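Please read the structure below before turning to the comments.
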Amino acid sequence: MTSHVPNEARVIPLRPQAARPGTRPAAPPVPPERRPPTVREPLWRDLVGDVLRRERLEQERTLKEVAEAARISMPYLSEVERGRKEASSEVLAAAAGALGLGLADLLARAQGELVRLTSRHTGGGGAARTGRGTSGARFDGMCLAA
C-alpha cells in the first residue's frame, strides 16, 4: 500500500486574499495626519558621547589632550563623542578616567540624560504614577553589555 503524494509545495500568500464571505473587512488605514508622532528613542552611544563631550568642553580641554591622557586615538575618541562608534567598556573607562570621572559616573550621567529625554516624550510623571524611580520599570537600575 503506497500512497501517492503530489510533489507540490504548499504556498502561503503574503498578502491576504479578497475578503471571504462571513469575515469582517479589515479596518481602513489611519491617515498620516492622524497617526501619533513617532519618537526615535535615543541611542546609548549618543548619550555617552554627549556626556563625554560636554564634560571635556566644561573642562576646556581639547580632544587631543583627552585622547592622549586616555591613550585612545584622537579620531576614535571623536567618533565616540559623536555617537558614531559603540565603544567598549575599557575605552569608556579610559575616556572617563582622563576626564577625572569613574566609569560609574559616566554611565550614571548618561542614564540621567536618558531618563530626562524619554520622560519628555512620554509625558513624564512616571515616578509619581508607579512609585518606582523615574523609569517606571520593575527594577530601578541600569545594565550595560559591552
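This one's a predicted model, so the numbers in the text were calculated from it and none came from an experiment.
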Show the nearest heavy-atom pair for residues Ala93 and Leu103, with the distance to one decimal. N-CD1, 3.9 Å
In this structure, would Met74 and Leu57 fall into the same cluster of hydrophobic residues linked by side-chain contacts under 4.5 Å? no
Measuring from atom CG of Asp50 to atom CZ of Arg82, what distance do you get when rounded to the nearest 0.5 angstrom? 12.5 Å
Presence of salt bridge, Glu65 and Arg56, under 4.0 angstrom: no
Starting at CG of Leu114, measure out to CG of Leu107 and round the result to the nearest 0.5 Å. 12.0 Å
Considering only NZ, NE, NH1 and NH2 on the basic side and carboxylate oxygens on the acidic side, decide whether Arg109 and Glu55 come within less than 4.0 Å. yes
What's the separation between atom CD in Gln59 and atom CG in Leu101, rounded to the nearest 0.5 Å? 7.0 Å
Quick check: closest heavy atoms across Ser78 and Leu63, and the distance to 0.1 Å? CB-CD2, 3.5 Å
Is the number of heavy atoms from other residues, nucleotides or ligands under 6.0 Å of Arg54 CZ greater than 12? yes
Interatomic distance, Arg116 atom CZ to Leu47 atom CG [nearest 0.5 angstrom]: 9.5 Å
Heavy-atom nearest pair, Gly102 first then Ala96, reads O-CB, 3.9 Å
Would you indicate whether Glu58, at its atom CD, is surrounded by more than 12 heavy atoms from other residues, nucleotides or ligands within a distance under 6.0 Å? yes
Non-hydrogen side-chain atoms of Ile72 and Val80 separated by less than 4.5 Å: no
Closest non-hydrogen contact found for Ala69 with Arg61 is CB-NH2, 4.0 Å
Compare every heavy atom of Ala95 with every heavy atom of Leu52, then report the nearest pair and how far apart it is. CD2-CB, 4.1 Å
salt_bridge(Arg53, Glu81) N-O dist < 4.0 Å: yes
Shortest non-hydrogen pair, Tyr76 vs Lys85, comes out as CE1-CG, 3.8 Å
Do any N or O atoms from the side chain of Arg45 and from the backbone of Glu86 form a donor-acceptor pair under 3.5 angstrom? no
